[in-house]
Amino acid sequence: MSTADRQEFQAEVQQLLDLVVHSLYSDKDVFLRELISNAADALDKRRFESLQDESLQAEELAIHLRVDGDARTLVIEDSGVGMSRDELVSDLGTIARSGTRAFLDALAEKKSSTAPDLIGQFGVGFYSSFMVAEEVQVLTRRVGEDTAHLWVSDGRNGYTIETAERDDAGTTITLRLKEADTDNGLQDYSDPQVLRGIVRRWSDFVTHPILLEKPPAETKADDESAETESEEQDVPTETTERLNSGKAPWTRPADEITEEEHAEFYKHVSHDWADPLLPVPVKIEGQVEARALLYIPSKAPMDLFWREGARRGVQLHVRRIFIMDDCEELLPDWLRFVRGVVDAEDLSLNVSREILQKDRQVRAISKFLVKKVLSALEQLQKDDREKYLGFWREFGNVLKEGLLVPGEHQQRLLGLCLFESTASEDGLTTLAEYHERKKDDQDAIYHATGSSREALLRSPHLEAFLDRELEVLLLIDSVDELWAPTAPEHEGLPWKSVGKGEVELGSDEEKAEKKKEREEKTEELGDLLGFLKGKLDGKVKDVSLSARLSSSPACLVAGEHDPTPAMEEMMRRMGQEGPKVQRTLELNADHPLVATLQSLHAESPDDELLAQAAEVLHGQALLAEGGAPEDPAAFSKLLTELMQRALGAGSK
Ligand code: ADP
Ligand code: MG
C-alpha cells in the first residue's frame with residue numbers, strides 16, 4: 001500500500017458515475033456486455049500488435065469469467081493488450097470520448113429526472129460496472145511491459161493506483177458485487193446460471209471464447225461423479241465451460257454456411273419458429289465497412305401491420321458486439337419484415353437511436369442493405385418463381401408500400417411486383433411479362449383497381465379492353481389505390497386506369513376516326529345527353545358518349561386525377577372526409593337502349609319514363625362496377641314500376 005497513489009476522477013467522470021450508480025438503469029445486466037466488449041477489444045488489439053511483433057503474441061486469446069459466491073466476487077479476465085499506468089489514468093479516470101461528452105452536454109440541458117433514459121441511450125462502458133459492484137479492481141499489464149498496475153475504486157472517492165504483479169500481459173477486473181436485489185434488476189452475478197444467460201443474450205457471437213471457470217462447488221460435484229480422474233483436477237479444459245457460441249456467422253464466407261446453420265441462426269435472431277425463406281448475406285467494403293446477414297422470413301408475423309408494439313428491424317452489432325435489437329433505422333419501413341444482423345465496423349459501441357437517425361455511415365449502410373435485399377428478391381423472382389410467389393403472398397403488400405416513396409427504388413419495386421391480370425387465368429404476372437405481351441400500338445399500362453379479381457372482370461370499364469384483347473392489370477390490394485394514381489412510367493409506358501379519364505384505343509387512324517364518329521354522335525344525341533345531365537344534376541358531373549363500352553349501356557368514369565370510389569372510401573375510414581367527387585356517366589352510343597331513349601325523347605320529351613330511365617342508368621352503372629345505388633330502396637321501387645309498365649305494355 002505504500003506505493004498506492006490516490007487520485008480524484010476528472011470532474012465529469014465523477015458526475016457520470018454518480019448518475020450511473022444512482023439512477024434507475026433499466027438493464028443492469030449490460031455491465032457484463034460492456035466489460036466483455038472491452039476485453040474483446042483488448043484481445044483484438046493484442047492480436048493486431050502481435051502481427052507486427054511476434055513476441056507480443058498471447059498463448060491464448062480468451063475471456064475468462066470466475067465467480068466466488070462466498071466472497072461475492074466476479075472476475076473478468078482477458079489476455080489482451082492491457083493498460084500502462086498512463087493509460088489507466090487516462091482511460092479509466094478521464095473522459096476522452098466524444099460520446100460521453102455529448103452525453104454530459106445533453107444532460108446539462110435537461111432536468112436530472114430524465115437522466116435514466118439518457119444513460120440508457122448512451123451506455124457508459126467501463127463505468128457501468130459500478131452499477132453492480134461496491135468496488136472495482138483492475139489489475140493490468142500492458143503488453144511489452146514488465147510492470148503491472150492495480151487500479152482500485154469504489155466509484156465515489158476517486159481511485160488508487162499502485163504497482164503490482166501479473167504473470168502475463170492482460171487485464172483482470174475484479175468486481176466486489178453488491179447484494180443481489182432482483183426487484184431493482186440487480187441479479188446475483190456470482191451465479192453461473194445468471195452469467196450463462198447474460199452472455200448468451202448479449203455476447204453470444206463475440207468471436208473470442210468466453211469461458212466460465214467453474215466455481216469450487218460445481219467443480220466438486222463434477223469430481224465426485226468422476227473420482228478416478230481427480231488427479232487431473234487442474235486441467236483447465238475440465239473446469240471451464242464455454243458460454244458463447246462465438247460463431248458470428250456473418251463473418252464467414254457466405255457460401256460456407258449450410259442451410260441448417262442459416263436456419264439455426266435465423267431462429268436465434270428472429271425468434272421465429274419457421275425456417276427462413278431466403279438468406280441475404282451482405283459485405284460492405286470501402287469508406288464504410290459492415291457485414292450483414294439478413295433473412296427474408298417464410299411467414300409474415302402477426303404484427304406486420306400493427307402500428308404500435310410491433311417488433312421490426314434487425315439486430316445491430318458493432319465489431320461483433322451486440323448493440324440493440326429491433327434497429328429500425330437500418331432499413332426502410334417497407335422492408336420491416338427483414339430480420340437478421342448488421343455488424344458495423346466503425347460505429348461507437350455507445351451508439352444511440354438518436355445518433356443512428358442522423359449518422360452518415362448508418363445511411364450509407366442502409367442504402368447498401370436495401371440494394372442487396374432488392375437484388376436478392378430480383379434473383380429469386382428469376383430463379384424460383386414458386387418460392388418468390390410464396391414471398392409475394394406474405395410480404396407483397398408491404399413491399400408495395402415502397403412505391404409510395406418517390407425516388408430511386410420505385411422502378412426496381414415495380415419490377416418485383418406481381419399482379420393479377422386479365423391475361424392470366426391463374427397465376428400472377430410481372431410487368432416485364434406484361435411488356436412482352438403488349439400490343440404494338442399500346443401506349444399505356446392499363447390497370448383497374450377494385451376489391452377482387454371477379455368484381456373487376458365484370459366491370460363495364462374493361463369491356464373495350466377485353467374486346468381488343470388488351471391486357472389489364474387487376475390491382476386488388478388496398479395499398480394499390482394509393483400508389484397507382486402516381487405510379488411512374490415503366491419502360492416508357494405511363495400507367496392508365498381503365499376507370500378514369502378518356503380512353504381511346506387502337507391505331508392513330510382508328511383513334512382519329514373513332515373520335516370523329518363520337519363527336520358526330522354526340523351532336524346527334526345532344527338533346528338526350530343534355531336532358532339526362534339535367535335529370536342527374538348533383539349526381540354526375542357530365543353525361544357523354546363512351547369509348548370503353550361494348551355491351552353495357554352505361555358506366556361511371558372518374559376524372560384523370562380524381563380519386564376512385566374505393567380511394568374515397570379509404571379516406572373516409574381514415575377520417576379524411578372530403579367533398580364527394582362526381583363522376584361522368586358515359587353512355588354506349590351503340591346500345592339499343594340509347595337509340596330507344598333518343599327516339600322517345602324526340603317524340604315526347606316530357607314522358608315520365610325518360611326521367612326514370614336516367615335514374616336506372618345511373619344506378620345500374622354503380623351496380624355494374626360493384627357499388628350500390630345511393631338509395632337502394634328507391635331504386636328497387638323504380639325497377640318494379642318499370643317492370644309493371646313493361647309487362648302492362650306487353651299484355652296490351
Ligand atoms: P470504450 O470501450 O467505449 O472506449 P469504456 O469506458 O468501456 O469505453 O473503456 C474505456 C477505455 O478503457 C477503453 O477504450 C480501453 O482503452 C480501456 N479499457 C477498458 N477495459 C480494458 C481492458 N480489459 N483491456 C484493455 N483496455 C481496457
Ligand atoms: Mg467499452
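Because only heavy atoms are used, hydrogens play no part in the values below, and waters and symmetry mates are left out as well, while side chains stay in. Counting starts at 1 for both ligands and their atoms, in listed order.
- Applying the 6.0 Å contact sphere to NZ of Lys178 captures more than 12 heavy atoms from other residues, nucleotides or ligands.
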*Take Ser203 and Asn244 through the test side-chain hydrogen bond (donor to acceptor under 3.5 Å, both in side chains) and record every step on the way to the result.*
CA-CA 7 Å; Ser203 315; Asn244 64 325; over 6 Å; no

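- Each of Glu354, Arg363, Gln357 was compared with Glu329 under the side-chain contact (heavy atoms from CB on, under 4.5 Å) criterion, and only Gln357 meets it.
- Taking distance alone, with nitrogen or oxygen atoms compared against 3.5 Å, Glu34 stays at or beyond that limit from ligand 1.
- Of the candidates Glu77, His64, Arg66, Glu241, His64 is the only one forming a side-chain contact (heavy atoms from CB on, under 4.5 Å) with Leu211.
- Classification of Lys299 and Glu394 as a salt-bridged pair holds, one side-chain N sitting under 4.0 Å from a carboxylate O.
- Applying the 4.0 Å criterion to heavy atoms of Leu92 picks out, from ligand 1, the atoms 12 (O).
- Looking at ligand 1, you won't find any N or O of Tyr127 less than 3.5 Å from one of its N or O atoms.
- Of the heavy atoms in Thr171, only side-chain atoms (C-beta onward) come closer than 4.0 Å to ligand 1.
- The ligand atoms of ligand 1 that sit less than 4.0 angstrom from a heavy atom of Ala42 are 24 (N), 25 (C).
- Two rings, from Phe126 and Trp151, have their centers less than 6.0 Å apart.
- At least one cation-pi condition fails for Arg156 and Phe130: the charged atom is not both under 6.0 angstrom from the six-membered ring centre and inside a 45 degree cone around its axis.
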*Output, in order, the C-alpha distance, side-chain angles, deciding distance and verdict of side-chain hydrogen bond (donor to acceptor under 3.5 Å, both in side chains) for His262 and Glu260.*
CA-CA 5 Å; His262 274 308; Glu260 285 72 32; over 6 Å; no

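- Considering backbone and side-chain atoms alike, Asp41 places every N or O at 3.5 Å or more from each N or O of ligand 1.
- Residue contacts with ligand 1, taken as heavy atom pairs separated by less than 4.0 Å, do not involve Thr140 at all.
- The option with the heavy atom closest to atom 17 (C) of ligand 1, from among Glu87, Met83, Lys45, is Met83.
- Around the Mg ion (ligand 2), protein N, O or S atoms at less than 2.8 Å comprise Asn38 OD1.
- Using a 4.0 Å cut-off between charged nitrogen and carboxylate oxygen, Arg320 and Asp343 count as a salt-bridge pair.
- With sequence neighbours left out, the salt bridge (Lys or Arg N to Asp or Glu O under 4.0 Å) criterion links Arg176 to Glu135.
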